[in-house]
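Data first, discussion second: the structure below is written as structure tokens.
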Amino acid sequence: MLFWSNIIYIYFIFSLIPVQAALHSESTSIVDLLSSSPNFFHLIRHLQQDHFIPYLNRNKGLTFFAPLNEAFRGDTVDPVWPYHVLNTTDFNRTVFPTELKAADGLPIALKVTHKGDSNNPYDLVNDVYIVKPNWQADSGIVQVVDQLLTLPPSSLDILSSESEYSIFYRLSSAWVGEYESTTLFVPTTSVFINTFTNTELSYMYSIYATEDVKTLFNQHSVIHERVYADDVVEPKNFTLRNGVVVTLQYDKPSKILYFNDTPSYNFDLVTRNGAIHVLPALLNPEVIVFTPAKYLIGLGATWFSEKVSQKREYIAADTSSYRGIFAPTNWAFRETSDIDYHIMENFYMPKVNKYYLSKTNSKSHDEHSALIRVATDTTGALYVNFDSHSIDRETIGNVSLFLIEKDIEPPRPLLSQLILLDEISMSVRYLAALGLGEDPNSTWFLVENDAWMKLGLVRKALENNMEMMQNLFLEYVFQGKHYFGSSEDSWTSGNYTTISGKSIMIESEAENTDIIYINGLPYDVQTRDMLVQEGVVHILSRLVVPFPISQRSMIIAGGRQEFLSLLEKQGLSDMLDQGLFIVVPPLSASDLKTKDFSFADRHIIDTGKKSFVIHDSLLSVDNGPWVHIEESGFSSCGHVYFVRSPIPTRRDASWKTFGVSLLGFFTAAVFSSSGYKTYKIYQQKMWASEREPLLMPASRASSILRPGSPAHSV
Ligand SMILES: *[C@@H]1O[C@H](CO)[C@@H](O)[C@H](O)[C@H]1NC(C)=O
Ligand SMILES: *[C@@H]1O[C@H](CO)[C@@H](O)[C@H](O)[C@H]1NC(C)=O
Ligand SMILES: *[C@@H]1O[C@H](CO)[C@@H](O)[C@H](O)[C@H]1NC(C)=O
Ligand SMILES: *[C@@H]1O[C@H](CO)[C@@H](O)[C@H](O)[C@H]1NC(C)=O
Ligand SMILES: *[C@@H]1O[C@H](CO)[C@@H](O)[C@H](O)[C@H]1NC(C)=O
Ligand SMILES: *[C@@H]1O[C@H](CO)[C@@H](O)[C@H](O)[C@H]1NC(C)=O
């Protein structure tokens with residue numbers, strides 16, 4: 001640090017010196033000059049201690065940076081004298097080689113910042129002030145400095161200290177330290193960020209990029225040489241280690257150092273190892289050739305990338321095909337995984353919320369290409385086969401790369417493929433119980449659990465009778481693979497054969513692809529084209545049982561056999577399966593003895609003769625009080641309703657219950673008027689509209705779509 005009071009003092013002293021020097025005899029050496037001033041008392045003592053005086057006396061034409069006494073405060077100073085000496089008296093450069101040599105014999109430099117170039121009151125050498133320049137001795141020149149000169153930091157120290165150099169540092173640190181002398185052309189961090197994508201940079205940071213990074217380093221360094229701007233005022237060619245020639249030229253008046261045509265405005269950073277010149281661009285970035293395999297490493301799928309490079313060398317390098325590569329993260333990668341199933345040709349991105357089926361490079365067990373289902377959701381994420389979605393993506397040339405969070409594999413057999421899907425767990429369980437699901441080359445329509453639940457007693461009757469259940473399933477399994485989202489083998493209107501050999505007519509509307517008609521009934525296809533090894537599965541939101549289910553079987557399946565016994569005892573069994581509604585109350589064994597014919601008869605409802613109203617989960621017969629429905633089953637044999645309590649007789653029905661019933665109001669109104677007939681018509685209309693939802697058990701359920709499973713194909 002230079003204090004102003006010191007400077008004034010120093011100037012005062014030095015103003016006397018020429019006079020003193022003039023008084024001396026003919027030849028004045030540098031040491032003579034210094035000895036003549038009291039300001040260098042400490043310096044002389046140190047030079048003597050370090051035996052450096054003979055060197056200064058012996059050589060001519062030197063420049064010596066002479067520190068004032070103040071520079072020697074404390075005893076810990078350890079001056080490096082050769083670093084204070086230049087073998088020249090010409091002060092017309094910026095960077096000077098000193099007499100201090102590195103291990104390879106090349107001089108370590110210092111840098112002078114001339115005050116004309118800056119706002120400094122004095123010239124600076126490194127970061128030390130020259131308080132008295134150009135003090136002429138006969139054997140050389142003394143530049144008086146206020147502090148000892150210290151060696152510049154190493155190249156690595158400089159690179160690591162500035163964020164501007166951080167990427168170059170990260171990439172080159174392994175090599176920079178290797179050489180005693182290097183001249184580095186350092187592109188800034190923003191240059192790297194603008195030249196390379198994040199994926200490319202991540203790749204270059206990885207251990208797999210050693211060769212490429214070395215190429216890049218070779219491209220940006222001259223080793224065993226220390227090149228500063230003043231050395232290339234005349235253009236000079238440097239052959240880099242990868243054979244490339246770079247021409248350096250210093251435009252001194254404009255202070256621009258050119259690398260070929262690339263200008264550098266920040267150059268001549270002096271380091272202990274040589275020089276750093278900062279570049280606003282990379283020199284020949286094309287020396288690094290990126291490939292899909294390298295991009296996969298950059299995406300984090302290093303293990304998958306290695307495997308592709310080993311097994312499918314061409315694909316690892318080719319960027320010209322429109323190829324899709326689905327690469328699991330290292331976390332998801334399995335060594336046994338079929339890499340060909342992760343690669344598809346002619347890839348294109350599905351439209352938002354759409355999907356398509358495509359062939360992969362993998363062959364399935366029947367020697368056909370194993371299919372893959374690719375879908376997008378509204379966020380643009382790509383879903384593969386429902387179970388895996390992309391967490392990152394890149395393109396290189398015509399190749400699209402997707403990093404997927406779960407590994408994918410060719411479709412497995414139906415049961416193992418679908419076993420984990422909660423929403424169709426009932427269908428899968430039934431299939432397993434029936435031993436179905438193994439027919440090769442078939443198409444299954446399975447239904448969601450909701451649809452099963454809506455069948456109520458019908459489902460229980462089917463569960464009780466696996467033969468019927470099997471017949472039902474066989475109606476929904478077709479021969480051959482029929483997809484929605486693939487041009488080949490997709491549904492068109494026509495007759496299809498089930499695996500039991502029955503011909504069933506399927507119609508699809510071109511305008512409304514949401515609906516498919518099976519035997520004339522419309523179905524909403526909730527999820528399409530779930531691939532399984534044997535074929536393909538589509539999921540319907542409702543199930544229609546195409547054959548009658550007897551009332552008897554529903555009552556037995558629901559566990560109310562007592563009511564059947566009662567009907568038998570009363571000789572009413574032949575009323576079953578006649579299309580009449582049977583309302584089944586819970587009965588105990590003792591009830592069987594006490595309940596009479598009229599009780600049993602009351603629960604067999606001929607809707608042609610009696611009024612029968614359903615409201616929510618309540619039913620009412622002939623305007624009687626509401627009775628809670630617990631379960632029901634609908635069949636062309638007649639519907640069955642399990643109720644919480646028996647239907648009361650007219651006598652049981654007190655006027656109070658009657659009064660609070662929903663219909664009470666209308667009834668009262670009607671009794672007070674003569675319009676009984678009008679009421680009856682109205683009532684029937686209302687019943688019809690109320691019954692409708694229940695008579696159509698498989699109404700569309702608004703089920704939640706799984707992400708990435710758009711129902712619509714492209
Ligand atoms: C200085 O350079 C000259 C040639 O330029 C050389 O002859 C001389 O030995 C050098 N002196 C020192 C001390 O290196
Ligand atoms: C410095 O000046 C000398 C003459 O004094 C000249 O020969 C030399 O080329 C100059 N160097 C530079 C870098 O300008
Ligand atoms: C440098 O190399 C280029 C070709 O790479 C050549 O045209 C030029 O003449 C060379 N310049 C010098 C100074 O050798
Ligand atoms: C991508 O495909 C087009 C058309 O086939 C081709 O012209 C182009 O060169 C390909 N791109 C690359 C990087 O190979
Ligand atoms: C699959 O079934 C369809 C329709 O029955 C038939 O045309 C096709 O040849 C079958 N394919 C195979 C590989 O068995
Ligand atoms: C399907 O079969 C029905 C009769 O079983 C027939 O009337 C109809 O024309 C057939 N449709 C087609 C497209 O073959």
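Heavy-atom basis, side chains included; hydrogens, waters and symmetry copies ignored. Note that ligands are numbered from 1 as they come in the structure, with each ligand's atoms numbered from 1 the same way. This one's a predicted model, so the numbers in the text were calculated from it and none came from an experiment.
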Open item on the list: I'd like to know if the side chain of Arg373 and the backbone of Arg528 have a donor-acceptor N/O pair within less than 3.5 Å.
Closed with: yes

- [ ] State whether any protein heavy atom lies less than 4.0 Å from atom 9 (O) of ligand 5.
- [x] no

TODO: List the closest protein heavy-atom neighbour of atom 6 (C) of ligand 4: residue, atom name, distance to the nearest 0.1 Å.
DONE: Asn398 ND2, 4.2 Å

Task: Short N or O distance, Asn441 and ligand 5, threshold 3.5 Å exclusive - done: yes

Task: With Asp340, the salt bridge (Lys or Arg N to Asp or Glu O under 4.0 Å) member among Lys363, Lys307, Arg312 - done: Arg312

Open item on the list: Protein heavy atoms near atom 2 (O) of ligand 5, is at least one of them under 4.0 angstrom away?
Closed with: yes

Open item on the list: So if I count the atoms of ligand 5 from 1 in the order they appear, which ones are less than 4.0 Å from some heavy atom of Gln479?
Closed with: 5 (O)

Task: Polar contact flag for Thr247 and ligand 3 (N/O pairs, less than 3.5 Å) - done: no

- [ ] Run down the list Val232, Asn237, Thr239 and name the one with the heavy atom closest to atom 12 (C) of ligand 3.
- [x] Asn237

- [ ] Could you list the atoms of ligand 4 found under 4.0 angstrom from a heavy atom of Thr319?
- [x] 12 (C), 13 (C), 14 (O)

Open item on the list: Out of all atoms in ligand 4, which are within 4.0 Å of some heavy atom of Tyr322? Include the element for each.
Closed with: 1 (C), 2 (O), 3 (C), 4 (C), 5 (O)

- [ ] Would you mind listing which atoms of ligand 5 come within a distance below 4.0 Å of any non-hydrogen atom of Gly480?
- [x] 1 (C), 2 (O), 3 (C), 4 (C)

Open item on the list: Under 6.0 Å between ring centres: does that hold for Tyr348 and Tyr356?
Closed with: yes

Open item on the list: Are Phe402 and Phe347, when compared by the centres of their aromatic rings, separated by less than 6.0 Å?
Closed with: yes

Open item on the list: Ring centroids only, cut at 6.0 angstrom: are Tyr250 and Phe267 within range, meaning strictly under it?
Closed with: yes

- [ ] Please check if the distance between the ring centroids of Phe326 and Tyr341 is under 6.0 Å.
- [x] no

- [ ] Out of Gly397, Ser320, Ser321, indicate the one that has the non-hydrogen atom closest to atom 14 (O) of ligand 4.
- [x] Ser320

Task: Nearest candidate to atom 5 (O) of ligand 3, where distance is taken over non-hydrogen atoms, out of Leu248, Val245, Asn260 - done: Val245

TODO: Do me a favour and list the nearest non-hydrogen protein atom to atom 13 (C) of ligand 3 with residue, atom name and distance?
DONE: Pro235 O, 3.6 Å

Task: Asp529 (side chain) donor-acceptor with Phe484 (main chain) under 3.5 angstrom - done: yes

TODO: Scan side-chain atoms only and decide if Asn273 and Ser181 contain a donor-acceptor pair under the 3.5 Å cut-off.
DONE: no

Open item on the list: Using a 3.5 Å distance criterion without hydrogens, assess whether the side chain of Thr195 forms a donor-acceptor pair with backbone atoms of Val191.
Closed with: yes

